[in-house]
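Each residue takes its place number in the sequence, starting with 1.
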Amino acid sequence: MSNELCPERPLFGGAISSSFPQRFQDASHIRQVPDHQEVFVDPSRDESLIFELLDFKTDVGDIGSASWFLHDLAREQDAEGFKLIEQSNVIDVPGLSYRNIPSVATTAIGEMAISKGRQGREAQNLLRVYVANIRLKGVETDVLVTAYEPILINPLSESANAVGSGLAVPASQSGIMPVCDVIKQSLSTFKVNDWSLFGSSA
């Protein structure tokens, strides 16, 4: 059981906030992060947590929306061996409704082999990827929360330099919160503090 400290973190200048383990560090201190993303990494485990604001995808239905985004992610990252493990039903999110327009969420979990950065296919790592899609319909925004958890690190991957190659050490063995709980924690504490972040829609 993990007793990790999960402080509330300001996202997008404090307009949004969410709580998750302190071991996830703000990646913008080490590399350029696009304005529509907030990226947090635990370099010691090669795990990452990403919050992303996207224009609402009107052509994607609520049912299975997270698995649609997960498939899209796999295509974008040129992943191999994609496998959808599970997807949730549509969940109402009453705390995130705007002007009485309800918001909903779905989640999905998949596995895929992805290369890091510009490395080629020979350096692919096997990852479990967790995606949550919060659909803020009142402000026409799809929020994506994505967490990456390595299962098997390729010796040729640059990740191997930081965390070693082979099977990743399970979080439970290290006494820390597993990624599946990190994403649940970040979702259950996700708050919009300033709706003007979403511009003219708000």
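Sorted by first and then second residue, the pairs that involve residues 124-133 and meet salt bridge (Lys or Arg N to Asp or Glu O under 4.0 Å), not counting sequence neighbours, are E111-R128. Pairs passing the ring pair (Phe, Tyr, Trp, His ring centres under 6.0 Å) check and including a residue from residues 30-55, sequence neighbours excluded, read F20-F40, F20-F51.
Looking at residues two or more places apart in sequence or on another chain, you find no side chain to side chain donor-acceptor pair (under 3.5 Å) involving Q25. Residues satisfying the side chain to side chain donor-acceptor pair (under 3.5 Å) criterion with D142, sequence neighbours excluded, are N133, R135. With sequence neighbours excluded, the residues forming a side-chain contact (heavy atoms from CB on, under 4.5 Å) with L84 are S67, L70, F82, Q87, A108, listed by chain and number. Take Y130 and apply the ring pair (Phe, Tyr, Trp, His ring centres under 6.0 Å) test, not counting sequence neighbours, and it matches no residue. Scored by the side chain to side chain donor-acceptor pair (under 3.5 Å) test, E8 finds K191 as partners (sequence neighbours excluded). With sequence neighbours excluded, no residue forms a ring pair (Phe, Tyr, Trp, His ring centres under 6.0 Å) with F69. Every residue two or more places apart in sequence or in another chain that forms a side-chain contact (heavy atoms from CB on, under 4.5 Å) with S174 is listed here: R45, V169, I176. Partners of S88 according to the side chain to side chain donor-acceptor pair (under 3.5 Å) rule, which considers only residues two or more places apart in sequence or in another chain, are T107.
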Derivation of the side chain to side chain contact (heavy atoms under 4.5 Å, CB included) call for V139 and I101 = CA-CA 9 Å; V139 288; I101 301 170; over 6 Å; no
Under the side chain to side chain contact (heavy atoms under 4.5 Å, CB included) criterion, do V129 and T146 qualify, and how do the steps go?
-> CA-CA 7 Å; V129 183; T146 310; 3.8 Å; yes
Please lay out, stage by stage, how D181 and V179 fare under the test side chain to side chain contact (heavy atoms under 4.5 Å, CB included).
-> CA-CA 5 Å; D181 291 338; V179 172; over 6 Å; no
Verdict with reasoning, T106 to N89, per side chain to side chain contact (heavy atoms under 4.5 Å, CB included) | CA-CA 6 Å; T106 57; N89 294 323; over 6 Å; no
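Environment of CG in D59: crowded, with over 12 heavy atoms of neighbouring residues, nucleotides or ligands closer than 6.0 Å.
The closest donor-acceptor contact from the side chain of T189 to the backbone of S19 lies under 3.5 Å. A side-chain donor-acceptor contact under 3.5 Å links R9 to the backbone of P21. No donor-acceptor distance shorter than 3.5 angstrom exists from the side chain of T141 to the backbone of D55, with no hydrogens or angles considered. Checking side-chain atoms of D194 against main-chain N and O of S196 turns up a donor-acceptor pair under 3.5 Å. Between the side chain of E4 and the backbone N or O of M177 there is at least one donor-acceptor pair closer than 3.5 Å. E38 contributes no side-chain N or O that, together with a main-chain N or O of I50, makes up a donor-acceptor pair within less than 3.5 Å.
Other members of a hydrophobic cluster containing F56 are absent, since no ILVMFWY side chain comes under 4.5 Å of it, directly or through relayed contacts. Residue V104 belongs to a hydrophobic cluster whose other members are I63, V90, with links defined by side-chain heavy atoms closer than 4.5 Å.
Using a 4.5 Å heavy-atom cutoff, the side chains of P150 and E47 are in contact. When side chains are defined from C-beta on, K137 counts as touching D62, because their heavy atoms get closer than 4.5 Å. At a threshold of 4.5 Å between non-hydrogen side-chain atoms, the residues I16 and N193 do not count as touching. In this structure, F190 and V143 have side chains that are in contact, with non-hydrogen atoms separated by less than 4.5 Å.
With F24 as reference, D42 is the one residue of D42, V39, V41 to meet the side-chain contact (heavy atoms from CB on, under 4.5 Å) rule.
Hydrophobic clustering, with ILVMFWY side chains joined whenever heavy atoms are under 4.5 angstrom apart, groups V33 together with I30.
Annotation: the span from C180 atom SG to I109 atom CD1 amounts to 7.5 Å, rounded to 0.5 Å.
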